[in-house]
Every structure is written in structure tokens, then in C-alpha cells.
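A quick note: this is a predicted structure, and the numbers were derived from the prediction, not measured. Residues: numbered from 1 along the sequence shown. For ligands, and for the atoms within them, numbers begin at 1 and follow the listed sequence.
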Amino acid sequence: MDDDWLVFHPAPKAPDFKLPKGAVDAHCHVFGPSPRFPFAPERKYTPCNAGKDHLFALRDHLGFARNVIVQATCHGKDNSAMVDACRTAGGLARGIASVGSDISEAEIAEMDEAGVRGVRFNFVKRLVDATPQEVFLTIADKIKSFGWHIVVYFEAESLEELEPFLKRLPTVLVVDHMGRPDVTKGVDHPDFQRFLRLMEENENIWSKVTCPERLTKAGPPYDDVVPFPATVVDRFPDRVLWGTDWPHPNMKSHVPDDGVLVDFIPKIARTTKQQQKLLVDNPMRLYWA
Ligand code: 0GY
């Protein structure tokens, strides 16, 4: 692993917040373990091993029932670790894959059978080399008849340029980490207002209200981040998802305690009705219907 890699928390606290029955951790990853599942030659980072057994133990410790495992860029387009985790979970995990435009219908069908329900388009330059928009449009066209959706990862300053392209995509879109706002600018800043307007005007766009540990400047318990996800949950309660982001790739400031992250949830989804939608109803509708 990279010299400056921060390994996930060895013993997260048991959360004080009791998750509703059937709660879904809708954003997490598996890394390897290598050498069984080698990392991709084109990767931009080399993580620690963080395999499915660890992930499922964390799920049980925190009180989640299910996982959505998102293909991490360190595995490139080799989805085998994620697919293996989905198969092992016996219906309790779904997956999001990374694929090329040469993906065949048979390959999509095989992943679908394993539990994959979407693809991820990544626009974060430190994680991937740029992909031509035509490639993404070809992939979108191939996956849409399977009822799959598209997860998009970009940073706030890219949204203005990306917006016309996002509007061309034909499926549900799920934006990772609210498009990574700069929390020092506040929710009223034009950048975050642009993101809220995008959701307002496009009913197919959902948001993961995730990653206070990445967005914070103040550190745990991440109170400086609260207004951002709280606003999104208040305005779009039927189009939000929550996840741990375990094993927290590329964290540099600190190692997050996943139990502290779970205790953040009631600060951003303040009623039991919002919590039920965020943690159970929305992910079940998108991934298990
Ligand atoms: C995240 C965030 C990051 C990494 C990846 O696939 C990945 O490598 O998503 C990041 O470095 O911000 O959502 O896991």
C-alpha cells in the first residue's frame, strides 16, 4: 500500500444512534484482498487490503442489514472483487460497476444476476484519466434496458461544465457526496445552490448525503458539514442515500470512526420519517425492487 495510506479504523465504536430495521449502507467498497483480487495497473493509488469479510463484520457491528458496494478506482474495470462480495452476501449486497464501452449484453446480464444495479462514471481527475463523453453515453445506452442507473462522482467546481452532459444521461443518476461542496463557502454559495437547483429541476437525480469526514475542515464529529446534507434531506427526502464510504480511500487528515459516522445521521435526517426514507425505503426502492 502507499506510504501515506491510512488504514481503516480497527475498532469503530458501537453507534449511539440505533439504525432502523433493514438499514442499507449504500456507499462502501472492497479492496482486494490481493493477490486474489489484484489492483489495476492504471490505478492512481494502492490501498490496504479491505475485503468482504471485514465489510460484512462492520455491517453487523454498526447495525446495517445490507450494503451497496461501489467499484473503487483502484480496481479499474475489473469488477471481480465487488461481484464476488455481492455473490457471497446472499442477496444482502448490491453492486455498482465500472465498465468500458465494449461491455457486452451477456457481461451486463451476468453482473446483473450477481446483484449489480448500476455503473459509476468518475470525473475526479486525481482518481482517473478522463473518459470521452461519447464512451459514457454508449455505456449508458447499453445499461439502461437492464433498469440500471448511473452513479456520478465529481467535485463542486466541475458541475457547471458537466451539467449539460448530466442532463443527457437517460437513467436515474446518483451523485456521490453531494458533488463535494466546499463547506467553508456555506449552503448559500452559488456552487451549492447550483447543485440544489440541479436536483430541483431534474427528478431523476438523487444524492448520497455522505462523506462528512471528507468535506469537513473542523474534523469529527463533523458539525461544520451538517447544513449541507440536512438541506438536501429536507428538500429531497425521497432521493437521498447514506453510506459509510468504508474503507475510506485516500483519507489524509484522519481515520474516521464508522460509529461516529453513524451517529452523524440523526443530525442530517432529523425525523424518524426522514431516517426511514434515507436508510431503508430509498435504497430498497433503487437497489432491491
Ligand atoms: C469514495 C471517494 C474516493 C475514492 C473512490 O473509487 C475510488 O477510488 O471513490 C476519493 O478518493 O475521494 O467515494 O470512495
Side-chain angles (χ1 to χ4, degrees), residues 1-2 4-9 24-32 34 37-52 54-55 58 67-83 85-86 93-100 116 118-131 136 149-159 173-183 206-217 222 225 228-229 232 240-256 258 261 264 283:
M1 72 187 185
D2 293 333
D4 63 346
W5 191 263
L6 293 183
V7 176
F8 54 87
H9 199 292
V24 180
D25 176 354
H27 186 91
C28 51
H29 311 282
V30 287
F31 297 155
S34 70
F37 298 112
F39 299 116
E42 73 273 21
R43 70 190 179 277
K44 305 287 186 198
Y45 63 85
T46 304
C48 62
N49 278 327
K52 63 186 177 186
H54 261 105
L55 177 66
L58 180 76
N67 296 107
V68 180
I69 305 171
V70 178
Q71 172 76 354
T73 57
C74 56
H75 279 297
K77 296 184 186 67
D78 176 355
N79 294 284
S80 45
M82 179 274 289
V83 165
C86 288
R94 295 295 192 233
I96 294 292
S98 281
V99 303
V116 176
V119 290
R120 192 183 199 202
F121 294 171
N122 201 319
F123 300 92
V124 178
K125 293 185 186 76
R126 84 186 143 77
L127 292 173
V128 283
D129 295 329
T131 300
F136 282 147
H149 62 271
I150 298 167
V151 172
V152 285
Y153 191 18
F154 57 82
E155 292 175 319
E157 54 275 16
S158 311
L159 178 55
L173 297 190
V174 180
V175 178
D176 278 338
H177 321 327
M178 302 171 288
R180 292 198 60 132
D182 176 346
V183 300
W206 294 42
S207 179
K208 291 182 195 160
V209 286
T210 33
C211 279
E213 74 283 10
R214 285 184 196 286
L215 302 177
T216 187
K217 302 285 183 232
Y222 315 121
V225 181
F228 292 81
V232 180
V240 284
L241 300 170
W242 193 88
T244 55
D245 197 26
W246 188 90
H248 310 290
N250 303 307
M251 283 296 294
K252 300 289 178 228
S253 55
H254 67 291
V255 176
D258 301 278
L261 289 172
F264 185 74

Please determine, by modelled atom types, if [X] and [Y] share a side-chain donor-acceptor pair under 3.5 angstrom.
X: R180; Y: Y153; answer: yes
X: H54; Y: N49; answer: no
X: H27; Y: T210; answer: no

Under a 4.0 angstrom heavy-atom cut-off, which atoms of ligand 1 come close to [X]?
X: Y45; result: 7 (C), 8 (O)
X: A72; result: 6 (O)
X: N250; result: 10 (C), 11 (O)

Quiz item: Which atom pair, heavy atoms only, marks the closest approach of L127 to K44?
Solution: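 Heavy atoms of L127 and K44 come nearest at O-CG, 3.0 Å.
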
Quiz item: Taking all atoms of both residues into account, what is the closest heavy-atom pair of W5 and P249, and its distance?
Solution: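 Taking every non-hydrogen atom into account, CH2-CA, 3.6 Å.
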
Practice problem: Determine, for K208 against D245, whether the closest basic-nitrogen to carboxylate-oxygen distance falls under 4.0 angstrom. | Solution: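 Salt bridge absent between K208 and D245.
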
Quiz prompt | ligand 1 to T73 polar contact by distance, N or O atoms, under 3.5 Å | solution =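 By distance alone, the answer is yes.
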
Practice problem: Using distance alone, decide if ligand 1 has a nitrogen or oxygen within less than 3.5 Å of any nitrogen or oxygen in D176. | Solution: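 No, since none of the N or O atoms of D176 sits under 3.5 Å from an N or O of ligand 1.
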
Among all protein non-hydrogen atoms, which one is nearest to [atom], and what is the separation to 0.1 Å?
atom: atom 1 (C) of ligand 1; answer: D245 OD1, 3.3 Å
atom: atom 14 (O) of ligand 1; answer: H29 NE2, 2.6 Å
atom: atom 13 (O) of ligand 1; answer: H177 NE2, 2.7 Å

Quiz item: Which is it for V124 and ligand 1 at heavy atoms under 4.0 Å: side chain, backbone, both or neither?
Solution: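 No part of V124 comes within reach of ligand 1.
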
Quiz item: Would you say H248 contacts ligand 1, with heavy atoms under 4.0 Å as the rule?
Solution: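 It does not; every heavy atom stays at 4.0 Å or beyond.
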
Self-check item: Residue-ligand contact R126/ligand 1, heavy atom below 4.0 Å
Solution: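 Per 4.0 Å heavy-atom rule, R126 contacts ligand 1.
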
Quiz item: Between the candidates R180, K44, R120, which shows the shortest non-hydrogen contact distance to atom 5 (C) of ligand 1?
Solution: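 Residue with the shortest heavy-atom distance to the ligand atom: R120.
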
Quiz item: So how far is it from I96 CD1 to N79 CG, rounded to the nearest 0.5 Å?
Solution: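 With rounding to 0.5 Å, CD1 (I96) is 10.5 Å from CG (N79).
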
Quiz item: What distance do C211 atom SG and F228 atom CZ have between them, rounded to the nearest 0.5 Å?
Solution: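 Between C211 SG and F228 CZ, I get 14.5 Å after rounding to 0.5 Å.
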
